[in-house]
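Everything quoted here is computed from the prediction, not taken from an experiment.
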Amino acid sequence: MDTGFGLRDINSPYSRLSPFFIHFNGVQFDKKYTAVDQIEKLGFSARDVRHIVLTHLDFDHAGGLEDFPEATVHVMQTEMETAQDRGGFIAKRRFRPEQWDEVKHWKYYSAGGEPWFGFEAVRNLDGLPPEILLIPLVGHTRGHAGVAIDTPEGWLLHAGDAYFYRHEMDSAKKSCTPGLRAYQWMMEVDRKARLLNQDRLRALSSDRNKGVRLFCSHDAVEFKTFADQSGTTRQK
């Protein structure tokens, strides 16, 4: 899954990240929040991580990629192309090649094959079991995707930044805080696609017959619910 900020971001933020987003988001730079620190606290080393399935390449999702030198990074082809182009004020600041220019192993994908609950899908990720899929969810970025995992308890979908707030998935009365709504608007590249995908995710989440559980990247309450269910309080 996504790596969040990495050790190099923590140690030298202004050489790696946009000052605009550092101050706009009030980023907390602390080693304990890095993926590699949490992996090590679970008793593993950085080199034990062999695959990272990435929702997108925003600065707050891809910063830790270089902390895992043996990992193959799986991402949508369109996302890499857009991140390398970096056209426009936001794109120049959201995509930071300094965070991933030393990654040695990449795998790029386009949607195709059998759909997943009506969504386009990428199946058979190279080197990974068939239970892990990429689900294109365009809107936040042009190559944004969710990561679906078939678990013994049913399908789990990491929706990345397709939504930001748990109540956006409430079918009866969807809602979002003003600040998060404004941030999503500022960061979107395709409003129509983003809102359409939110509608589709909301319908999927509310259909109990489908048995799909959703979570996003930025809702702390939603994360705690899943962490408590899995018996851990460490974010992964």
Side-chain angles (χ1 to χ4, degrees), residues 1-4 35-36 38-39 42-44 46 48-58 60-62 64-65 68 70-79 105-141 143-164 166 168-169 197-198 200-236:
M1 299 278 188
D2 298 347
T3 61
V36 67
Q38 295 175 46
I39 288 291
L42 291 171
F44 301 98
D48 290 327
V49 176
R50 308 312 292 262
H51 296 275
I52 299 171
V53 185
L54 202 63
T55 64
H56 62 302
L57 280 161
D58 270 353
D60 55 337
H61 292 255
L65 292 179
F68 301 99
E70 303 302 321
T72 295
V73 180
H74 305 260
V75 68
M76 298 298 291
Q77 177 77 47
T78 304
E79 183 69 4
H105 310 291
W106 294 93
K107 293 292 181 181
Y108 304 117
Y109 301 93
S110 299
E114 182 184 356
W116 180 82
F117 295 108
F119 289 82
E120 290 186 311
V122 179
R123 298 177 180 270
N124 300 317
L125 302 182
D126 194 10
L128 289 170
E131 292 82 6
I132 301 176
L133 287 66
L134 273 168
I135 309 298
L137 296 170
V138 177
H140 180 68
T141 67
H144 183 276
V147 181
I149 305 174
D150 192 4
T151 76
E153 293 77 34
W155 283 98
L156 184 64
L157 178 64
H158 173 20
D161 286 1
Y163 69 97
F164 275 59
R166 60 196 176 278
E168 290 182 281
M169 292 295 106
N197 278 322
Q198 280 194 0
R200 298 171 72 206
L201 289 172
R202 190 179 307 111
L204 179 64
S205 178
S206 64
D207 189 341
R208 301 306 178 190
N209 292 324
K210 298 292 194 302
V212 179
R213 296 173 296 155
L214 275 64
F215 67 95
C216 66
S217 296
H218 294 288
D219 191 309
V221 172
E222 193 177 61
F223 166 72
K224 186 176 185 303
T225 299
F226 277 90
D228 290 345
Q229 291 174 354
S230 65
T232 179
T233 56
R234 297 192 183 101
Q235 187 167 0
K236 301 184 185 66

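At least one side-chain heavy atom of Asp2 sits under 4.5 Å from a side-chain heavy atom of His158.
Annotation: the span from Thr3 atom OG1 to Leu65 atom CG amounts to 4.0 Å, rounded to 0.5 Å. Separation of atoms CG (Leu157) and CG (Leu137) is listed at 6.5 Å; rounding is to 0.5 Å. Taking OG1 of Thr72 as the reference point, atom CZ of Arg50 lies at 8.0 Å (rounded to 0.5 Å). In this structure, CG on Leu204 lies 9.5 Å from CE on Met169, to the nearest 0.5 angstrom. Between the OG atom of Ser217 and the NE2 atom of His140 there is a distance of 8.0 Å, given to the nearest 0.5 Å.
The salt bridge (Lys or Arg N to Asp or Glu O under 4.0 Å) test applied to Asp150 returns no partner, not counting sequence neighbours. Every side-chain hydrogen bond (donor to acceptor under 3.5 Å, both in side chains) that Thr141 has, sequence neighbours left out, goes to Glu79. Applying the salt bridge (Lys or Arg N to Asp or Glu O under 4.0 Å) criterion to Asp58, with sequence neighbours excluded, gives Arg94. Residues passing the salt bridge (Lys or Arg N to Asp or Glu O under 4.0 Å) test with Asp60: none are found, sequence neighbours excluded.
Counting all heavy atoms, side chain and backbone alike, Glu70 lies closest to His105 at O-CD2, 4.4 Å. The minimum heavy-atom distance linking Leu54 with Leu134 is given by the pair O-CD2, 4.0 Å. Summarising the geometry of Ala121 relative to Leu133, their closest heavy-atom pair is CB-CD2, 4.2 Å, with the distance given to 0.1 Å. The minimum heavy-atom distance between Leu57 and Ala62, with the atom names listed, is CD2-CB, 3.9 Å. Closest approach of Phe164 and Asp219 over heavy atoms only: O-CB, 3.8 Å.
Side-chain atoms of Arg166 never come within 3.5 Å of backbone atoms of Phe223 as a donor-acceptor pair (strictly under, hydrogens ignored). Counting only distance, with no hydrogens or angles, the side chain of Arg202 and the backbone of Glu168 share a donor-acceptor pair below 3.5 Å.
Side-chain contact annotation: Asn197 with His144, donor-acceptor N/O pair under 3.5 Å absent.
Under the side chain to side chain donor-acceptor pair (under 3.5 Å) criterion, the residue pairs touching residues 106-116 are His74-Tyr109, Lys107-Asp126, with sequence neighbours excluded. Residues in residues 205-217 take part in these salt bridge (charged side-chain N to carboxylate O under 4.0 Å, His left out) pairs, two or more places apart or across chains: Asp207-Lys210.
Tested against Thr55 for a side-chain contact (heavy atoms from CB on, under 4.5 Å), the candidates Met1, His61, Met76 yield a single pass: His61.
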